[in-house]
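See structure below.
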Amino acid sequence: MPEFELIGRIRARAAVRDDVILGIGDDAALLAPHAGQQLVATLDTLVSGVHFPVDTAAADIGWKSLAVNLSDLAAMGAEPAWALLALTLPEDDAAWLDAFLDGFLELAGEHRVALVGGDTTSGPLAISVQLSGFVPPGQALRRSDAKVGQRIWVTGTLGDAAAGLDARLSGASGSAETDWLIERLQRPQPRVQAGIALRGHGGAAIDISDGLLADLGHVCTASGVGADIHAHSLPTSEALAEWPPAQRMALQLGGGDDYELLFTLPAEVDASSLLPSGVRATAIGSINAGPALRVLDADAAEMTVRHRGYRHFGKTQ
Ligand code: ADP
Ligand code: MG
């Protein structure tokens with residue numbers, strides 16, 4: 001099937017929005033930026049065998065390729081609008097493409113994202129999504145806004161996706177708990193509305209893609225602060241609660257792919273009252289003058305942590 005027929009299948013299913021003057025079909029998309037708003041732009045690539053196991057279902061790849069980008073806009077407090085999709089495909093497989101679009105467009109529909117263009121080439125399977133959105137001037141959430149005395153919060157539960165990957169690679173599945181963990185890996189729920197709700201409260205935010213300690217480390221570096229994390233207060237799902245405690249803790253501190261938000265707020269602000277109903281918020285520690293990022297046990301003694309997160313280049317710590 002020639003490339004333009006694949007593009008035609010995409011075009012036939014892509015939804016539009018009022019601010020899309022010209023979507024898929026010309027040399028470039030023509031878009032109407034929103035007056036008085038700042039444009040927020042992000043791009044993430046998923047490579048087969050690196051970001052997802054090679055036998056991952058096409059619909060799950062489609063979902064995740066958009067979800068990771070939505071998560072970045074969530075961490076900026078932005079409202080998503082337009083996506084560009086670069087597909088590098090090993091074969092001109094229409095059935096694979098249709099299933100990929102099932103997952104991608106399902107999530108796009110949930111967040112009113114219009115797919116407005118892209119590129120289609122042949123090669124080893126890789127997907128890049130460029131996503132744009134909007135935020136009122138000066139209200140974007142930044143990594144550099146953590147301040148001494150603020151509390152550190154996370155949405156949802158931690159470690160589930162890393163446990164799901166572990167289960168996936170070891171071939172374990174079948175129990176409801178394991179399937180739920182694998183679902184957390186393959187179908188992350190980006191915290192878009194939570195990010196928007198956090199605007200204007202004076203804290204920092206980041207999404208947890210590489211692992212809690214790695215991503216909190218980015219916030220601390222950008223803000224020039226340190227942090228204490230209380231290991232016993234990390235939010236744990238029912239499924240992960242069944243895992244051996246040491247293994248569970250390592251996944252919660254160092255495991256990536258949860259796509260929850262980590263954010264800071266002045267100590268007197270309760271995140272639970274800010275976030276949309278149904279989004280769990282847990283205080284897990286506080287910002288201090290630093291410079292260290294410490295993990296404390298239930299007796300407030302510092303713990304030694306070996307695996308601090310995922311890195312593409314150089315050794316994982
Ligand atoms: P050109 O050769 O001018 O770059 P293409 O043939 O690559 O044009 O693309 C034709 C149209 O299809 C463009 O509007 C482009 O944005 C869109 N398009 C191509 N690939 C994709 C894709 N994977 N997803 C969405 N739109 C795509
Ligand atoms: Mg052209």
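Both ligands and their constituent atoms are indexed starting at 1 by order of listing. By convention here, the first residue in the shown sequence is residue 1.
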Does Cys220 offer a backbone N or O that forms a donor-acceptor pair with the side chain of Ser223 under 3.5 Å?
no

Taking only heavy atoms of [X] into account, list the atoms of ligand 1 that are under 4.0 Å away from them.
{"X": "Ile10", "answer": "22 (C), 23 (N), 24 (N), 25 (C)"}
{"X": "Gly117", "answer": "16 (O), 24 (N), 25 (C), 26 (N), 27 (C)"}
{"X": "Glu3", "answer": "6 (O)"}
{"X": "Gly25", "answer": "11 (C), 13 (C), 14 (O)"}

Taking side chain as C-beta onward, heavy atoms only, is Ile10 less than 4.5 Å from Leu87?
yes

Side chains of Glu177 and Glu238 in contact at under 4.5 Å (non-hydrogen atoms)
no

Evaluating non-hydrogen atoms only, which member of Leu85, Asp26, Ile24, Leu84 is closest to atom 17 (C) of ligand 1?
Ile24

Where the closest heavy atom to atom 16 (O) of ligand 1 is concerned, which of Ala14, Gly118, Ser128 has it?
Gly118

Does Asp119 approach ligand 1 within less than 4.0 angstrom via side chain, backbone, both or neither, non-hydrogen atoms only?
both

Return yes if a side-chain donor-acceptor contact under 3.5 Å exists between Asp207 and Ser209, otherwise no.
no

So among Gln150, Lys147, His201, which one has a side chain to side chain donor-acceptor pair (under 3.5 Å) with Thr264?
Gln150

So is Arg11 in contact with ligand 1, going by heavy-atom distances below 4.0 Å?
no

Minimum heavy-atom separation for Ile152 to Asp228, with atom names?
CD1-O, 4.2 Å

